[in-house]
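The chains referred to below are lettered A, B, ... by the order of the sequence lines, with proteins before strands, and numbering in each begins at 1.
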Amino acid sequence: MIKISFPDGAQREYAPGTTALDIAKSISEGLARKVLAASVNGQVWDLTRPIYGDAQVKLLTWDQKDAKSTFWHSTAHLMAEAIESLFPGVKFWVGPPVENGFYYDIDLGDKHISEDDLRKLEVKMAELAKQNNAYVRKEVPKAEAISYFKEKGDEYKLDLLQNLEDGNITFYTQGAFTDLCRGPHIPHTGFIKAIKLTNIAGAYWKGDEKNKMLTRVYGVSFPSQKELDEYLQMLEEAKKRDHRKLGKELGIYTMDDDVGQGLILWMPNGTVIIEELEKLAKETEEEAGYHRVVTPHIAKESMYLTSGHLPYYADSMYPPMELEGEKYYLRAMNCPHHHKIFAAEPKSYRDLPYRIAEYGTVYRYEQSGELFGLMRVRCLHMNDAHIYCTREQFEQEFRAVNEMYLKYFKIFGVGKYVMRLSLHSPDKLGKKYVNEPELWKETEAMVRQVLIDSNIPYVEVMDEAAFYGPKIDVQIYSVIGREFTLATNQVDFSQGRSFKLQYATADNQSETPLIIHRAPLGTHERFIGFLLEHYAGKLPVWLAPQQVKILPISDKFMDYALDVQKKLRSARVRVSIDDRNEKIGKKIRDTELLKVPYMLVVGEKEMNEGKIAVRRQGKGDLGAIPVDEFVQVISREITERSSGD
RNA sequence: GCCGUUGUAGCUCAGUGGUAGAGCACUUCCUUGGUAAGGAAGAGGUCGUGAGUUCAAUUCUCAUCAACGGCUCCA
């Protein structure tokens, strides 16, 4: 007998060769109907795969991530079967599960899949699923696998096989479809009750843009129609908080073909948000000992040759304009300008750390297909600053920057983010990264140490560093799940030397400072895009473009409304009056939809008592209070930058 | 940049080989109404842009621009 241990610590004995499905059945029939896969000694296995030794077994049902992945992976095979039956002769690359569903990359040859075909494929898949075809695992010697795919003329699977070791190769077959696959899979297709093929996209083979483009079909599937409906419902909800939709509805920003792709026109409402953010940044930076500077948006080519940016980024800068025999570039980064300010006056160690900040406007010629609302644009305003410091000061300065992030995140209630320690790839030294292997090692260790000392959870990622040094990026996710770097904190051991930046040490030697590039609030564009989604458009009062709307019951009360408005305006509250000839219900509805935080209803009662009836957006009627009291309440809320809950 | 989809009124969208329609928004009038849509009338579009096919193109074809979904990229 073999001993099976369960996550709760229980142990049971089974005959060797028993399967996880047998184990589930021995516990309860209900469980056996629900279980999709099993974790056996930490590895996800097919339920039907025999277990021959003692093992830790965890039965995985839909709620578990690994079970979902297995389920979607199996659905990808089912989709491939359907595609093969509707489009015979196509070739398959890989079909993995992803965050929300699965995809399969396909070489369609001269065939073509349309949106209509997706509906046909869904029908076919449902039909195949109903056959309850088992996913059958088969171990295959490498030579046999090779000859199988050679005979099929499938160069893609042959390519996959190249990197697989003999004895470690398995095929899975369900119905008429056989695929090279390491598994695992759900027991049979009958579990797949609801399928939605979501979109068709191109994807480079092996993710390399030099390679052929394959057709990728995305889909998602569920064990019941109800779950699919809920998922679709959730997508609808997510769309409502998409910053592109909210940006339009709330009059935040616009774009125009005559201006150009990726160039944001900030409307009055958006500009209010920008100015509030800048106010916050300026206060915070002043308190932290930064100086403000202002620098031009262009510079000569020679500066970007000095900085070393040009060889790396020429393609993603706007092409230069030539004037009097000189090439000028629109800047894509602020750092060189700032370095020139550092260099303008001789520095001593007493001047360090030298911190200079600017909401710097930069222009990046991002690939057209990359542009995305406010999140990825071609003209951006960076919450930029550069800190020039000694090696001894570095840790404290770097840590102070991290603390600044966290301070900001607290104000905005940002909880869902990942701190990413971005490191270089040693094999790309001299290409993507400056060729200073020792300095890379040293600074990466320094940055890691700061994270550890500050007790900040983080993930390490290779090949994500800047060309001049390692960095910490704060990754956030848009409502539709796309990942973006919101904030960044970077070490630079390279540009100080390129620009011959120096300071005099205490013993009068010349030393090159370390530089920290940092942008805790990222760019206005991305940060505001993020905030709109984060708050679903319901900005806290201090950020709201329109903080108060006064709603007179009828125009008899306009004079009183004007009095109230005057009081609020003198307290610097952004307020206006809905003076339309509409009923109060209509005024409330429209103001609610514009997500104005406070509505003040004024009518006969309020006028006689010197009060206003306060209504909070999304919360309804809060009752009447004296005007002066309201002014105090809202002023405090604004000054404290309260999130309002 | 690549693959695919889309482009009609300020917004959301319907529609057609014979030069266009709805709802909301807007303007005017009636109504002066107490916590999420009061009523009526009116105005508004050379159907993204350019070319081609056709007696005739918003509709078909091609090109181009832009948006969207991915891929690649992201100082």
Heavy-atom contacts, protein to nucleotides 37-43 of chain B, under 4.0 Å, summarised as B (base), S (sugar-phosphate only) or - (none) per nt, yield BB-----
A correct 5'-to-3' footprint of nucleotides 61-69 of chain B, with B, S and - meaning base, sugar-phosphate only and no protein heavy atom under 4.0 Å, is -----SSSB
Please report the closest heavy-atom contact between A/Thr443 and A/Pro470, naming both atoms and the distance.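 Closest approach of A/Thr443 to A/Pro470, heavy atoms only: OG1-CD, 3.4 Å.
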Between A/Asp384 and the options A/Thr523, A/Thr361, A/Asn334, the side chain to side chain donor-acceptor pair (under 3.5 Å) test singles out A/Asn334
Given A/His424, which partner from the list A/Glu436, A/Lys432, A/Glu444 fulfils the side chain to side chain donor-acceptor pair (under 3.5 Å) test?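 Running side chain to side chain donor-acceptor pair (under 3.5 Å) over A/Glu436, A/Lys432, A/Glu444 with A/His424 returns exactly one hit, A/Glu444.
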Nearest-Å distance once atom [atom1] is located in both [N] and [M]:
N     : M     : atom1 : answer
B/G10 : B/G45 : C1'   : 12 Å
B/G1  : B/A36 : C1'   : 47 Å
B/U58 : B/G50 : P     : 10 Å
B/C29 : B/G34 : P     : 23 Å
B/G17 : B/G42 : P     : 30 Å
B/C47 : B/G7  : P     : 14 Å
B/G15 : B/A75 : P     : 45 Å
B/U54 : B/A37 : C1'   : 48 Å

If only side-chain N and O atoms count, and only distance matters, is there a donor-acceptor pair under 3.5 Å linking [Y] with [X]?
X        : Y        : answer
A/Gln475 : A/Thr485 : yes
A/His381 : A/His524 : no
A/Arg331 : A/Thr295 : yes
A/Asn199 : A/Glu115 : no
A/Gln565 : A/Ser576 : no

When you measure only distances, ignoring hydrogens and angles, does the side chain of [X] come within 3.5 Å of the base of [N] through a donor and an acceptor?
X        : N     : value
A/Thr488 : B/A75 : no
A/Tyr204 : B/G70 : no
A/Arg376 : B/C74 : yes
A/Glu606 : B/G34 : yes

Are A/Tyr218 and A/Phe102 close enough that their ring centers fall under 6.0 Å?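 No - the distance between ring centres of A/Tyr218 and A/Phe102 does not fall below the 6.0 Å cut-off.
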message = Could you check, using the six-membered ring where one of them is a Trp, whether A/Phe92 and A/Tyr156 have ring centers closer than 6.0 angstrom?
response =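 Here the rings of A/Tyr156 and A/Phe92 have centres that are no less than 6.0 Å from each other.
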Name the closest nucleotide to the [X] side chain, picking from [options].
X        : options             : result
A/Ser554 : B/A75, B/G33, B/G34 : B/G33
A/Arg615 : B/A75, B/C26, B/U35 : B/U35
A/Arg364 : B/C74, B/G70, B/C73 : B/C74
A/Ala613 : B/A75, B/G34, B/C74 : B/G34

task = Compute both the distance and the angle, then confirm whether A/Arg378 meets the cation-pi test with A/Tyr365: under 6.0 Å from the six-membered ring centre, within 45 degrees of the axis.
result = yes
Taking [atom1] from [X] and [atom2] from [N], how many angstroms apart are they, rounded to a whole number?
X        : N     : atom1 : atom2 : value
A/Phe467 : B/C74 : CZ    : P     : 13 Å
A/Phe484 : B/C73 : CZ    : C1'   : 13 Å
A/Lys240 : B/U12 : NZ    : P     : 16 Å
A/Leu246 : B/U12 : CG    : P     : 13 Å
A/Trp93  : B/G70 : CH2   : C1'   : 18 Å
A/Asp555 : B/C30 : CG    : P     : 12 Å
A/Lys556 : B/G34 : NZ    : C1'   : 12 Å
A/Lys245 : B/C13 : NZ    : P     : 8 Å

At under 4.0 Å between heavy atoms, what does [X] touch on the DNA or RNA strands: base, sugar-phosphate, or nothing?
X        : answer
A/Tyr312 : nothing
A/Glu115 : nothing
A/Ile584 : sugar-phosphate

Could you tell me whether the side chain of A/Leu246 reaches within less than 4.5 Å of the side chain of A/Arg241, counting heavy atoms only?
yes
task: Answer yes or no: is there a side-chain heavy-atom contact under 4.5 Å between A/Glu464 and A/Leu423?
output: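 Not touching, per the 4.5 Å side-chain cut-off.
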Its dot-bracket string being built from Watson-Crick and G-U pairs below 3.5 Å, with | for another strand and [ ] for crossing, RNA chain B has the pattern (((((((..((((....[..)))).(((((.......))))).....(((((..]....))))))))))))....
Who passes ring-ring contact (aromatic ring centres under 6.0 Å, His included) against A/His309, sequence neighbours left out?
->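 So A/His309 forms a ring-ring contact (aromatic ring centres under 6.0 Å, His included) with A/Phe467.
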Checking A/Tyr388, A/Phe493, A/Tyr468 against A/His517 for ring-ring contact (aromatic ring centres under 6.0 Å, His included), the one that qualifies is A/Tyr468
In short, ring-ring contact (aromatic ring centres under 6.0 Å, His included) pairs touching residues 238-267 of chain A with sequence neighbours left out are A/His243-A/Phe372
Charged N to carboxylate O below 4.0 Å: is that the case for A/Arg216 and A/Asp105?
yes
What residues 207-215 of chain A contributes to the RNA chain B interface at heavy-atom separation below 4.0 Å is A/Gly207, A/Glu209, A/Met213
Inset, instruction - With RNA chain B as reference, determine whether A/Gln617 or A/Ala466 sits nearer its 5' end, using the nearest nucleotide of each. - result: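 Result of the comparison: A/Gln617.
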Under 4.0 Å: is that the gap between some side-chain N or O of A/Lys248 and OP1 or OP2 of B/G10?
no
